[in-house]
Each structure stands twice: as structure tokens, then as C-alpha cells.
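Below: one structure, written as C-alpha cells.
Below, each value reflects all heavy atoms present in this structure, side chains not excepted, and no hydrogens, waters or symmetry copies. Counting starts at 1 for both ligands and their atoms, following the listed order. Sequential numbering from 1 along the given sequence is applied to the chain's residues.
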Amino acid sequence: MNLPTTLGQARQYGVQCLKASSPSATIDAEYLLEKASGQPRLRFRSHPEATLSQSAWQAYEALLKRRASGEPVAYCLGQRGFMDFTLTVSPAVLIPRPETEHLITTALHYPSEQILDLGTGSGCVAIALARAWPQAQVDAVDQSATALACAQQNAEQLGVAHITFKQGDWYAPVSGHRYDLIVANPPYIADFEPHPDQGDARFEPRGALRAGPTGLESITPIIDGAQSHLHPRGWLWLEHGHAQAQAVRDQLATAGFTAIATHHDLAGHERISGGQRNV
Ligand SMILES: C[S@@+](CC[C@H](N)C(=O)[O-])C[C@H]1O[C@@H](n2cnc3c(N)ncnc32)[C@H](O)[C@@H]1O
């Protein structure tokens, strides 16, 4: 195929480039062309004859190369939609997942004034809850300084001022503080599971995905520390792997939680579990 000079040709060229490496070649190419050309995707079909500038073509080709090497579209674009807003994302942070939207919709049943988000990454959970509850004070913790910088940038871009970002190991930066609601989407993939080393996930931070030998190594300290960081009748809600729900419920019970429950994700997997501090 000759080098494209129009939007329609560029779209087609991109699909061909990505066909072998991406199962979503058409939509990937359209998103990348949208970023490179500054033109809305609809225009690729309504005005396929519109010309593509030399600089847009060069930017597009560079993005296609990145995607063809396996880099996730969200990192190529530098952004990902989550709930009803758009987040800046970089390889310093996990790309927010649709499953995590269930953590938000679960947490929204427990209106709270003091909230702790453990392992905030891009800040998606903290920002979603802070936007829903403008009167709340949200603390957001991550051990990664580069993730926290990204989360802080997202909060600023979205005009959310009532989140305090803190660096450290789970509860260490909030020692002595208590909350009405603790939420977490911690790393929960076991060392033996292959998928972080496959496909798009290869580009995401290891420390956001892998927990340790069993996959429960991050969940356990979060559950163990929750009672002493919750107000009486406060709630803890966690995202976890689809095969971990029983283990998480058992740990919640051992830690003294009541009203323990699990919610399913859109694929029907047990994904979000939590409970209430009794006294
Ligand atoms: C699965 S990612 C979740 C990111 C974001 N909350 C989301 O839902 O997309 C887990 C996050 O936990 C952070 N993390 C891992 N171990 C941690 C620890 N010991 N203390 C604090 N944060 C940790 C990682 O840096 C990563 O940002």
C-alpha cells in the first residue's frame, strides 16, 4: 500500500499494520489516528478524502509502531476513560480496569466523610469517590512515587482538591488515622500466574500486578490492618482475583468483620468483597 495521504487511507493503513498484533486492530488504529490527526473518529468515515498533514502522518506512524510492539493503547494515547471522567495514564500506573468500576459502585452505597484508598495508582478510585462526595476527605496511599505523581496530576486536572496523597507501605503513612470507609484494589496476581508476562500487561508495573507466591500477600496486610484504621461501623471493600473470594471472606471473618459480602463483576466473577467493623 502507498503511504496514506488521506484520513481514510491512513485508517486502512493502520488497521493493516496492527492486524497481526492486536485483536482490536480497527478501533486501536482509529484511536491512534484520532490522537495523531486531532480529528474526531467519526470524520474518518464521513470525510475519508480529507488530507492528513505530514506531521500528523509522522505522529501516527510512531504511535502505530508502539502499538504493534504490544504497548497498550492507553499508554500510547496517555489516557483512559474511567467511570465518567478521563485519566492521564503512564507506564508508572496500572491502566484502570472496568472491574474496578464495581469497587466504586459498591463503595458508593456507603456515604462517608473520611475515606482511605490503598494502592491508588492513577488515583482512579480516590478521584471517583471524591467527585461523588465533595464534602469527604480522601487519603490516597501508594508506595510508588511515580504513581502518586500521576494520581496527583489527575486530581489537579479534574479539579479535585480534597484528596491527600501519601507515599508508603499500606497503612504506614496514615498511622493513627481512622476512616469511615477503606477501599483498595491491591496487587492480587500470584507469582505462578503467567498473564502479567503476556500481551498488553507486559508494559504495566510489576508492583501493581504481582502480589507474591499465593496472590494474597497484599490483601492480607490490608485486611489485618483495617480494624485499627476504621471508625466503629466503618466499612472495608477490596477488589480481588475471581478465585480469591472465599479466602478473602475467611480473612475478613477472622479479622472480626461482620456483614461480609461479595459482589460479582460484569463477567459474573466474584470480584469485590468487604465487611463492616462491628464495634
Ligand atoms: C492493582 S494496582 C491498583 C491501582 C488503582 N487503584 C486502580 O484500581 O487502577 C495496585 C497499586 O498498589 C500499589 N502498591 C503495591 N504494593 C503496595 C504497598 N505495599 N503499599 C502501598 N501501595 C502499594 C501499586 O504501586 C499500585 O499502584
May I ask you to identify the nearest protein heavy atom to atom 4 (C) of ligand 1, giving residue, atom name and distance to one decimal place in Å?
G119 O, 3.4 Å
Classify the contact between T120 and ligand 1 as side chain, backbone, both or neither, using a heavy-atom distance cut-off of under 4.0 Å.
backbone
Would you tell me whether E239 and T100 have side-chain atoms, one donor and one acceptor, within less than 3.5 Å of each other?
yes
Check the side chains of Y179 and D139 for a donor-acceptor pair under 3.5 angstrom, ignoring hydrogens and angles.
yes
R41 charged N/C atom sitting above Y31 aromatic ring, 6.0 Å / 45°:
yes
Min heavy-atom dist G168 to ligand 1 below 4.0 Å
yes
Closest to atom 16 (N) of ligand 1 by heavy-atom distance, out of Q143, E217, R206, is Q143
Any nitrogen or oxygen of P187 lying under 3.5 Å from a nitrogen or oxygen in ligand 1? Just yes or no.
no
For C124, atoms of ligand 1 separated by under 4.0 Å from a heavy atom:
5 (C), 7 (C), 8 (O), 9 (O)
How about E113: does its CD atom have over 12 heavy atoms from other parts shown lying under 6.0 Å from it?
no
Does the side chain of T262 come under 3.5 Å of the side chain of R249 through a donor N or O and an acceptor N or O?
yes
So the atoms of ligand 1 within less than 4.0 Å of a heavy atom of G207 turn out to be 15 (C), 24 (C)
Using heavy-atom distances only, which candidate in S218, A126, A208 approaches atom 2 (S) of ligand 1 most closely?
A208
Going by distance only, is there an N or O of R97 that falls short of 3.5 Å from an N or O of ligand 1?
no
Indicate whether any N or O donor in one side chain lies under 3.5 Å from an N or O acceptor in the other, for T214 and E217.
yes
Report yes or no: do H177 and Q114 form a side-chain donor-acceptor pair below 3.5 Å?
no
Counting non-hydrogen protein atoms only, what is the nearest one to atom 3 (C) of ligand 1? Give residue, atom name and distance.
N185 O, 3.1 Å
Minimum-distance protein heavy atom relative to atom 14 (N) of ligand 1
W170 CH2, 3.6 Å
Do T120 and D142 pair up side chain to side chain, a donor and an acceptor below 3.5 Å, judged on atom types alone?
no
Does any N or O atom in D169 lie less than 3.5 angstrom from one in ligand 1, N or O only?
yes
Just let me know how T100 lines up against ligand 1, side chain, backbone, both or neither, with a heavy-atom cut-off below 4.0 Å.
side chain
Does CD in Q135 sit with more than 12 non-hydrogen atoms of other residues, nucleotides or ligands closer than 6.0 Å?
no
Looking only at protein heavy atoms, which one is nearest to atom 26 (C) of ligand 1, and how far off is it?
D142 OD2, 3.5 Å
Under a 4.0 angstrom heavy-atom cut-off, which atoms of ligand 1 come close to G121?
4 (C), 27 (O)
Could you tell me if T5 and Q9 have a donor-acceptor pair between their side chains, going purely by distance under 3.5 Å?
yes
